[in-house]
Amino acid sequence: MILLGLNIDHCATVRQARYRASGAAAGGVVEPDPVALALEAERAGADGITVHLREDRRHVQDRDIWRLRECIATRLNLEMACTPEMTKLALELKPDSVCLVPESREEITTEGGLDVVRHHERVKSCVEAMNAAGIKTSLFIDPDEPQIELAAQLGAPWIELHTGAYANAYYGTGRAAEFQRLRIGCALGHDRGLVVNAGHGINYVNIAEVRALPHLHELNIGHSIISRALFTGIGEAVREMKARMNA
Ligand code: PXP
């Protein structure tokens with residue numbers, strides 16, 4: 001069975017769109033609350049909750065991650081840039097796992113995988129710190145051989161293959177090639193002893209194909225589920241995605 005990690009960043013995006021300036025001063029009317037959403041999603045079958053604490057705190061806030069750490073019953077996966085500041089914070093928070101992602105201020109969301117070949121030393125020291133603290137590290141990388149081979153050497157138990165290029169190509173001519181790239185990446189990661197996750201741009205349509213990728217452990221999905229929840233509520237949106245993931 002493929003597990004679902006629900007990324008709740010976009011719940012915080014909606015909250016910040018209205019309450020960025022007022023924050024706690026607005027009291028009980030500050031909504032939507034990502035923690036309440038996470039708890040409801042867990043009740044509907046989400047296997048883990050993912051949040052990305054960005055350097056510019058554009059959506060998820062520090063207070064959110066501490067509240068999540070205290071409240072959720074499944075697993076907390078913290079997406080973060082590979083920086084000393086974030087490493088220190090993760091070691092204090094002790095999430096169940098961290099996912100190292102690239103981060104640049106211009107991005108609306110994460111646009112490409114972390115280049116572990118280029119940032120080898122930085123990634124290695126972060127992975128070592130997490131391993132020593134018993135926190136699992138996942139590396140969010142493009143499904144390319146050099147990235148996967150190096151990821152396997154860096155001592156991180158998990159990889160998350162970036163499905164964004166495939167999702168973007170879904171209605172174009174590159175779809176089959178991108179799918180094949182992911183298929184080869186999954187097989188290689190598994191062969192190297194890595195737990196293989198995937199995420200970015202997965203929705204209720206392309207999941208029919210994504211779920212056929214070999215050796216998938218968990219999918220991290222955010223935008224499509226949060227969007228559907230506007231119409232159905234988060235419980236139904238989670239149940240529907242889980243049903244399609246494991247049909
Ligand atoms: N995985 C990672 C590492 C991400 O950065 C994101 C986007 O925040 C996702 C998964 C989820 O992508 P989407 O919101 O497109 O489902």
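When a ligand or atom number is given, it counts from 1 through the structure's own listing order.
Between His190 and His215, the two ring planes are parallel [angle under 30°; tilted spans 30° to 60°]. Aromatic ring orientation, His162 versus His200: tilted (interplanar angle from 30° to 60°).
Taking every heavy atom of Val101 and a limit of under 4.0 angstrom, the matching atoms of ligand 1 come to 3 (C). If you number the atoms of ligand 1 from 1 as listed, the ones under 4.0 Å from a heavy atom of Asn220 come out as 10 (C), 11 (C). Near Ile221, meaning under 4.0 Å from one of its heavy atoms, ligand 1 places the atoms 16 (O). Of all atoms in ligand 1, listed by their number and element, those nearer than 4.0 Å to a heavy atom of Gly201 are 12 (O), 13 (P), 15 (O), 16 (O).
No side-chain heavy atom of Val60 sits less than 4.5 Å from a side-chain heavy atom of Arg54.
Among Leu6, Asn7, Leu100, the residue whose heavy atom sits closest to atom 8 (O) of ligand 1 is Asn7. Nearest to atom 4 (C) of ligand 1 by heavy atom, out of Glu160, Arg54, Glu79, is Glu79.
Taking CG from Leu53 and CG from Asp9, the interatomic distance works out to 9.5 Å, rounded to the nearest 0.5 Å.
Backbone and side-chain nitrogen or oxygen atoms of Phe140 are examined, and none is located within less than 3.5 angstrom of a nitrogen or oxygen of ligand 1. In terms of polar-atom proximity, His223 is counted as a contact of ligand 1, with an N or O under 3.5 Å from an N or O of the ligand. Any N or O atom pair closer than 3.5 Å counts here, and Gly222 shares at least one such pair with ligand 1.
Screening residues 152-163 for salt bridge (Lys or Arg N to Asp or Glu O under 4.0 Å), with sequence neighbours left out, gives no hits. Evaluation of the side chain to side chain donor-acceptor pair (under 3.5 Å) test over residues 125-138, restricted to residues two or more places apart or in two chains, returns Lys124-Glu128.
A cation-pi arrangement, defined by a distance under 6.0 Å to the six-membered ring centre and an angle within 45 degrees of its axis, is absent between Arg244 and Tyr204.
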